[in-house]
> 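First the structure, then my questions, so here it is.
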Amino acid sequence: GELQEQEGDYVRAIDLYLRGGMAAKAASVVNRHNGNYSPELLQKIVGGLQASGMHDRAGELYCRMGLVAPAMDAFRKGHAYRQAIELAKQQQPALVVSLEEEWGDWLVSQRQVDAAINHYIEAGASTKAIDA
């Protein structure tokens, strides 16, 4: 894959990385070398990233493809709330408040209560902020 990438055959490099189970490397090729990649190829990369639990990277690729809803789902699944909120601010402002609260809930589940309080306040969930 690296050899193909050095030679400028990015699609072949991506294909080889995917065959080798290295979806993150395939995604890196896409990020480094802006090209006109087919939606099918990008979808294969997203699938590999999600299978590897790299939902935040999958969300970034979905954003690149202009697919807002799948990007949002991937960010949420990967607990990449900062990215989800940035996307929501641009595309779905009504979601920001619920995302802040969801982020707070996740932080509480991770025993990061101090950080959760700020997100509850942003969400207007004062009861949850006080309880935390």
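For this chain, numbers begin at 1 and follow the sequence in order.
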> Just jot down the side-chain contact (heavy atoms from CB on, under 4.5 Å) partners of V97, sequence neighbours excluded, or say none.
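Result, side-chain contact (heavy atoms from CB on, under 4.5 Å) vs V97: A123.
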> Return the minimal non-hydrogen interatomic distance between A71 and G59, and the atom names on each side.
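Closest pair (atom of A71, atom of G59, distance): CB-O, 3.5 Å.
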> Other hydrophobic cluster members with L3, side-chain heavy atoms of Ile/Leu/Val/Met/Phe/Trp/Tyr under 4.5 Å, chained?
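Members alongside L3: none; it stands by itself.
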> Treating Ile, Leu, Val, Met, Phe, Trp and Tyr as nodes and any side-chain heavy-atom pair under 4.5 angstrom as an edge, say whether M54 and V29 lie in one connected cluster.
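Yes, same cluster.
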> Not counting sequence neighbours, list each pair that qualifies as a ring pair (Phe, Tyr, Trp, His ring centres under 6.0 Å) and has a residue in residues 1-33.
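Sorted result for residues 1-33: Y10-H33.
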> Name all pairs fulfilling the salt bridge (charged side-chain N to carboxylate O under 4.0 Å, His left out) condition that reach into residues 108-132, sequence neighbours left out, sorted by first residue then second.
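Found E101-K128, D105-K128.
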> Could you list the residues that satisfy ring pair (Phe, Tyr, Trp, His ring centres under 6.0 Å) with Y37, not counting sequence neighbours?
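Ring pair (Phe, Tyr, Trp, His ring centres under 6.0 Å) list for Y37, sorted by chain: empty.
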> State which residues pass side-chain contact (heavy atoms from CB on, under 4.5 Å) with N31; sequence neighbours excluded, sorted by chain then number.
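Here the qualifying residues are R57, R64.
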> Quick test of your reading of the model: are E5 and R32 salt-bridged, counting only N-O distances below 4.0 Å?
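So E5 pairs with R32 through a salt bridge.
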> Quick check: is V96 connected to L87 through a chain of hydrophobic side chains (ILVMFWY, heavy atoms under 4.5 Å apart)?
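L87 and V96: one cluster.
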> Taking transitive links into account, so neighbours of neighbours count too, which hydrophobic residues share a cluster with Y120 at under 4.5 Å side-chain distance?
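Answer for Y120: V108.
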> If you look only at distance, which donor and acceptor atoms sit under 3.5 Å apart when one is on a side chain in residues 74-81 and the other is two or more places apart or in another chain?
residue: R76; atom: NE; partner: E102; partner atom: OE1; Å: 3.1
residue: R76; atom: NE; partner: E102; partner atom: OE2; Å: 3.4
residue: R76; atom: NH2; partner: E102; partner atom: OE1; Å: 2.6
residue: H79; atom: ND1; partner: Y81; partner atom: OH; Å: 3.4
residue: H79; atom: ND1; partner: W106; partner atom: NE1; Å: 3.2
residue: H79; atom: NE2; partner: W106; partner atom: NE1; Å: 3.4
residue: Y81; atom: OH; partner: E102; partner atom: OE2; Å: 3.2

> Counting only pairs under 3.5 Å, give me each side-chain donor-acceptor contact of residues 38-52, with atom names and distances, residues two or more places apart or in other chains.
residue: S38; atom: OG; partner: L41; partner atom: N; Å: 3.1
residue: Q43; atom: NE2; partner: Y62; partner atom: OH; Å: 3.3
residue: S52; atom: OG; partner: G48; partner atom: O; Å: 3.0

> Quick check for you: to the nearest 0.5 Å, what is the distance between D56 atom CG and L61 atom CG?
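Answer rounded to 0.5 Å: 11.5 Å.
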> Check side-chain contact (heavy atoms from CB on, under 4.5 Å) between D73 and all other residues, then give those that pass, not counting sequence neighbours.
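In terms of side-chain contact (heavy atoms from CB on, under 4.5 Å), with neighbours along the sequence ignored, D73 is linked to no residue.
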> Restricting to pairs with a member in residues 88-100, which pass side-chain hydrogen bond (donor to acceptor under 3.5 Å, both in side chains), not counting sequence neighbours?
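Every side-chain hydrogen bond (donor to acceptor under 3.5 Å, both in side chains) pair that includes a residue of residues 88-100, provided the two are not neighbours, is E100-H119.
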> Identify the two heavy atoms, one from I117 and one from A129, that lie closest to each other, and give their separation to 0.1 Å.
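Closest pair (atom of I117, atom of A129, distance): CG1-O, 3.9 Å.
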> State plainly whether one hydrophobic cluster holds both V11 and L16, where clusters connect Ile, Leu, Val, Met, Phe, Trp and Tyr through side-chain heavy atoms under 4.5 angstrom apart.
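No.
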> Tell me whether M65 is reachable from L18 by hopping between hydrophobic residues (I, L, V, M, F, W, Y) whose side-chain heavy atoms are closer than 4.5 Å.
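Yes, L18 and M65 fall within the same hydrophobic cluster.
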> Going by side-chain contact (heavy atoms from CB on, under 4.5 Å), name the residues that satisfy it together with D15, two or more places apart in sequence or in a different chain.
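Expected list: R12, R19.
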